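What you see is a predicted model; the values in this text were computed from it and never measured.
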Amino acid sequence: MRVEKVGYFVQVARCGSLRQAAARAGIAQSSLAQQLTGLEEELDLQLIERSRRGVTLTTAGEALLPYAIRLVDAQRDLVDAAVAYSTGAISGSVRIGTTPMATTLAVIPVISRLRREYPRLRIAISEGSSAHLEQLVLAGEIDFALVTTSLPVRPKGVTRRPLLSVPLGVYVRRDDPLALRRSITWDDLAPLPLVSMNEGTTLWAVLHARLVEPRSDAQVASLYHLMLMVDQGIGVGIGIRVTPPADAEIVWIPIDGESEGLKVQLSTRESSLLTRSARVVYDALAKHVQELQP
């Protein structure tokens, strides 16, 4: 089986159109169709269904697509690794996942530096909840993920490397009476309007585990937006301590008993090894996060 044929299948799946896929691949549509037919004959499976509105994947096509993507990526990584080995340069593609908190904490400073140091290294970043990212790791859609967790339970097939325990606290406006407190309790927070991260995130899970019916007036996708909402008086924000926006008049106060509320960890798939390029990014993120430990 030629990997090129598999690449055409992946391209069709992404485009949803034979014409668009052929244009992107730089070949005639009839040639692309022939390659797909040949692949289906080799696999003895129908992978796509054609209609006037385009193409859709069959059940078999949906099931085999993640494997096809990994095969195409592996070929590309093999070529990149060969070039890197012959030239001594780090190059290739690395796909990483990160939670919004980890993005602020480590990904932005580390990736910006790596791109300057290794201009031939391509780093694709996907942001989401820890649970979603670890599913992407299992599916082979990303190389690894920087996640934040509160419980030791992990999906089967995933390996986690603990890096840092992060205290949990609240953001309040400087003119809020709470700003004079050295710490705060969950009982103190129960009646207050709260700004939290979106449902499905680790912070959302922690909040709802600690308070039976929290008054969550706003849910956001990033710590940056959380801090802006607190600054505008929308509520008290639940989060880890990071540098606030320059103009924000807010302070961060620790929550009693939450000195190790969240754990920052790197998640990889048990059955796979990182490429040389992915290992460079993995090690750089691990080193940066570990250096944050007081």
Side-chain angles (χ1 to χ4, degrees), residues 6 9-10 13-14 43 45 47 57-78 92-103 105-107 110 123-166 168 196-210 221 240 258 260-290:
V6 181
F9 166 57
V10 172
R14 287 171 172 166
L43 296 174
L45 289 169
L47 301 176
L57 297 185
T58 63
T59 302
E62 291 280 3
L64 295 182
L65 180 59
Y67 299 97
I69 292 173
R70 289 203 292 272
L71 179 59
V72 172
D73 287 346
Q75 182 198 40
R76 183 186 59 206
D77 289 340
L78 176 62
S93 299
V94 181
R95 304 155 302 166
I96 69 172
T98 174
T99 63
M101 283 190 299
T103 298
L105 199 64
V107 172
V110 171
I123 305 173
I125 303 169
S126 299
E127 193 175 74
S129 68
S130 295
H132 174 65
L133 293 174
E134 290 190 321
Q135 289 304 312
L136 293 182
V137 169
L138 278 174
E141 296 183 29
I142 57 178
D143 295 300
F144 64 86
L146 189 60
V147 301
T148 49
T149 62
S150 60
L151 298 173
V153 179
R154 60 179 174 82
K156 184 179 180 180
V158 167
T159 298
R160 288 177 178 168
R161 176 185 173 185
L163 299 176
L164 177 69
S165 294
V166 184
L168 192 59
S196 70
M197 300 296 287
N198 282 337
E199 182 175 355
T201 62
T202 301
L203 272 179
W204 186 91
V206 171
L207 172 62
H208 286 260
R210 303 294 191 268
I240 64 172
E258 298 290 352
E260 297 186 357
L262 296 180
K263 300 188 185 305
V264 181
Q265 306 184 76
L266 278 164
S267 294
T268 55
R269 195 171 46 161
E270 289 181 348
S271 59
S272 64
L273 296 175
L274 294 177
T275 64
R276 181 186 180 205
S277 299
R279 173 57 65 178
V280 167
V281 181
Y282 179 97
D283 289 343
L285 285 168
K287 183 174 184 292
H288 178 85
V289 173
Q290 289 174 326

Gap separating the [atom1] atom of [X] from the [atom2] atom of [Y], nearest 0.5 angstrom:
{"X": "Leu43", "Y": "Phe9", "atom1": "CG", "atom2": "CZ", "result": "8.5 Å"}
{"X": "Ile240", "Y": "Met197", "atom1": "CD1", "atom2": "CE", "result": "9.0 Å"}
{"X": "Ile69", "Y": "Leu64", "atom1": "CD1", "atom2": "CG", "result": "11.5 Å"}
{"X": "Leu266", "Y": "Leu163", "atom1": "CG", "atom2": "CG", "result": "4.5 Å"}
{"X": "Tyr282", "Y": "Lys287", "atom1": "OH", "atom2": "NZ", "result": "15.5 Å"}

pair [X]-[Y]: side-chain heavy atoms closer than 4.5 Å:
{"X": "Glu199", "Y": "His208", "value": "no"}
{"X": "Ile96", "Y": "Leu285", "value": "yes"}
{"X": "Thr201", "Y": "Thr99", "value": "no"}
{"X": "Leu274", "Y": "Val281", "value": "no"}

Would you please name every residue forming a side-chain hydrogen bond (donor to acceptor under 3.5 Å, both in side chains) with [X], sequence neighbours left out?
{"X": "Asp283", "result": "Arg279"}
{"X": "Glu127", "result": "Thr103"}
{"X": "Thr268", "result": "none"}
{"X": "Gln135", "result": "none"}

Under 3.5 Å, sequence neighbours excluded: what are the donor-acceptor pairs made by side chains of residues 137-148?
unit_1, atom_1, unit_2, atom_2, d
Asp143, OD1, Arg95, NH2, 3.4
Asp143, OD2, Arg95, N, 2.7

Go through the structure and list residues passing salt bridge (Lys or Arg N to Asp or Glu O under 4.0 Å) with Arg161, not counting sequence neighbours.
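Not a single residue meets the salt bridge (Lys or Arg N to Asp or Glu O under 4.0 Å) criterion with Arg161.
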Taking salt bridge (Lys or Arg N to Asp or Glu O under 4.0 Å) as the test, write out the residues that go with Glu260, two or more places apart.
Lys263
Please name the pair of heavy atoms, one in [X] and one in [Y], separated by the smallest distance, quoted to 0.1 Å.
{"X": "Gly128", "Y": "Leu133", "result": "O-CD1, 3.7 Å"}
{"X": "Ala221", "Y": "Pro100", "result": "O-CG, 3.1 Å"}
{"X": "Leu105", "Y": "His288", "result": "O-NE2, 3.3 Å"}
{"X": "Ala63", "Y": "Pro66", "result": "O-CD, 3.5 Å"}

For [X], all residues meeting side chain to side chain contact (heavy atoms under 4.5 Å, CB included), sequence neighbours excluded:
{"X": "Ala60", "result": "Leu45, Thr58"}
{"X": "His132", "result": "Ser129, Leu136"}
{"X": "Glu62", "result": "Leu57"}

